[in-house]
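What follows is one structure encoded as C-alpha cells, with my remarks underneath.
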Protein chains: 2
Amino acid sequence: MNIEGVAKKFDLTRDTLRYWERIELLPAIPRNQSGYREYGERDLNWVFYIKALRKAGMSIEALVEFVKLYRDGNQNIAARKSLLVDQRQELLNKVNDIQKTVKYLSFKIDHFEDHTLNYENEKLAYDQEDDQI
Amino acid sequence: MNIEGVAKKFDLTRDTLRYWERIELLPAIPRNQSGYREYGERDLNWVFYIKALRKAGMSIEALVEFVKLYRDGNQNIAARKSLLVDQRQELLNKVNDIQKTVKYLSFKIDHFEDHTLNYENEKLAYDQEDDQI
DNA sequence: GTAAACCCTGGTGTGGACTCTAGGGCAAGT
DNA sequence: ACTTGCCCTAGAGTCCACACCAGGGTTTAC
C-alpha cells in the first residue's frame with residue numbers, strides 16, 4: 001500500500017507518516033523501484049499501534065524506544081515484552097489520574113450552588129488519601 | 001498568597017502561573033499596592049482545578065472557554081454547570097479510549113510469540129464493535 | 001543603607017510535533 | 001506528447017506551552 005492509502009486508512013497526513021519514519025517512530029518503510037514507499041502488513045501494524053498509543057497519550061519517547069528494540073533484532077524478547085507491560089501500566093496509571101479528576105468534577109457538579117467550598121474541601125473530594133496536591 | 005507560594009503549593013513555576021493568566025486560563029489575579037499578585041481563595045481553587053484538568057489531558061481551549069463563562073458574570077449558571085458535565089463526559093470518553101488501548105496491549109502481551117498476527121486480528125482485540133479503522 | 005531575594009513587564013528562546021514549500025521524478029489517462 | 005496527480009527529499013515555517021532573560025522596582029535581613 002502506498003503512502004496515500006495508509007494516510008487515508010488511518011486518517012493521518014502523508015507528512016505525519018514521513019515524519020514518524022524520520023524520527024524512527026516507524027521502521028524504515030521499504031521502497032518500490034521508483035523510490036516510493038510501499039507499506040507492508042507489518043508496517044500497517046506499526047502505524048495502527050503507534051496511532052493508538054499516541055491517542056492514548058503515550059509519549060513519543062517511549063514509543064521510539066520500543067520501536068528501536070524491535071529494529072535491533074529479535075534478541076531481547078523479554079525486554080520487548082516487559083516494555084509492553086510497562087506501557088500498559090502507564091496507561092492504567094493515567095486512567096487512575098483521570099478518574100480522580102472525574103470524581104472531582106462530579107463533586108463540583110453535585111455541590112454546584114454551594115459557594116462556601118474551597119479547594120481544600122475539593123481536594124478532599126479529589127483524593128482522600130494523597131496528601132500532595 | 002504571593003506567586004512563589006502558589007507555585008510551591010501546586011508545584012508549578014511562576015512563569016507558568018503568569019502564562020496561564022496571560023492566556024486567560026486563570027482570571028486576572030488581584031494585585032497589592034506594589035503591583036504584586038495576591039492570590040485569594042478563589043484563585044487557588046482555579047489553579048487547582050486547571051492543574052487537575054490539564055494533567056488529565058484536557059485541552060487548554062476548553063478550559064479557557066470555561067473560565068470565560070465565569071468571568072463574564074454569574075448569569076448563566078446552567079451553562080456553566082453543563083460545561084462541567086461536558087468536561088466530565090470528555091474525560092470519561094478518554095478513559096474509554098485508553099482502556100481500549102490497554103486491551104490491545106494485553107492482547108499483544110498474551111500473544112507475544114504469535115507472529116501470524118496482523119493488525120486486522122489486533123483490531124478485533126482492540127475494539128470488537130467499532131468499524132472505523 | 002545596602003545586599004539579597006523577591007516581584008513586575010515585555011520580549012525572546014526552546015522543544016516537540018507536525019505542516020508546508022520548492023524543486024524535481026514517475027504514472028495514468030486522453 | 002502532454003496534462004494531471006501522484007511520489008520523493010531537504011529544508012523552512014508554525015503553533016503550542018511554556019522557560020528564560022533584561023531591566024527595573026520592592027521587601028527583608030543584617
task = Choose from D:dT9, D:dA17, C:dC18 the nucleotide whose nearest atom is closest to any side-chain atom of A:R31.
result = D:dT9
request  = Tell me whether the OP1 or OP2 atom of C:dC18 has a side-chain N or O from A:W20 closer than 4.0 Å.
outcome  = yes
query = Counting any heavy atom closer than 4.0 Å, what does B:I23 reach on the DNA or RNA strands: base, sugar-phosphate only, or nothing?
reply = nothing
task = Ignoring the backbone of B:T16, work out which of D:dC18, C:dC18, C:dC7 is nearest its side chain.
result = D:dC18
message = In this structure, how many angstroms lie between the C1' atom of C:dT19 and the CD atom of A:E21, rounded?
response = 17 Å
ask   = Atom CD of B:E38 and atom C1' of D:dT27: how far apart are they, to the nearest Å?
value = 14 Å
task = Starting at atom OH of A:Y39, determine the distance to atom C1' of D:dC8, rounded to an integer number of angstrom.
result = 12 Å
query = Closest to the A:Y19 side chain: C:dC18, C:dT9, D:dC8?
reply = C:dC18
message = Using side-chain heavy atoms (C-beta onward) and a distance below 4.5 Å, is B:R14 in contact with B:R18?
response = yes
task = Measure from CZ on A:R18 to P on D:dT9 and round the result to the nearest Å.
result = 7 Å
note = From the candidates D:dA17, D:dA19, D:dC6, the one with an atom nearest any side-chain atom of B:T13 is D:dA19
Nearest-neighbour nucleotide for the A:R54 side chain, C:dA17, D:dT27, D:dC7 considered = C:dA17
ask   = Between A:Y49 and B:Y104, how do the two ring planes meet: parallel, tilted or perpendicular, split at 30° and 60°?
value = tilted
request  = Please state whether the phosphate of C:dC6, meaning OP1 or OP2, lies under 4.0 angstrom from any side-chain nitrogen or oxygen of B:N2.
outcome  = no
Nucleotide nearest B:D15 when distance is taken to its side chain, options D:dC18, D:dA19, D:dC7 = D:dA19
ask   = Tell me: CE of A:M1 to P of D:dC7, nearest whole Å?
value = 12 Å
inquiry  = Measuring only between side-chain heavy atoms, which start at C-beta, is A:V67 closer than 4.5 Å to A:I50?
reply    = yes
B:L25 CG - D:dA17 P separation (whole Å) = 9 Å
For atom CG of B:L12 and atom C1' of D:dA17, their distance in whole Å = 13 Å
task = Answer yes or no: are there more than 12 heavy-atom neighbours, outside A:D11 itself, under 6.0 Å from its atom CG?
result = no
ask   = Do A:Y36 side-chain and C:dG25 base share a donor-acceptor contact under 3.5 Å?
value = yes
key: Side-chain H-bond candidate by donor/acceptor type, A:E41 with A:N45, under 3.5 Å   = no
Sugar-phosphate only, base, or nothing, as touched by B:R22 at under 4.0 Å among non-hydrogen atoms = nothing
task = Anything under 30° is parallel, anything over 60° is perpendicular, the rest tilted; go ahead and classify A:W46 against A:F66.
result = perpendicular
query = Taking for each residue the nucleotide of DNA chain D with the nearest heavy atom, is it B:S59 or B:S34 whose nucleotide lies nearer the 5' end?
reply = B:S59
Sugar-phosphate only, base, or nothing, as touched by B:R37 at under 4.0 Å among non-hydrogen atoms = sugar-phosphate
request  = Write down the distance between CD (B:E61) and C1' (D:dA17), rounded to a whole number of angstrom.
outcome  = 13 Å
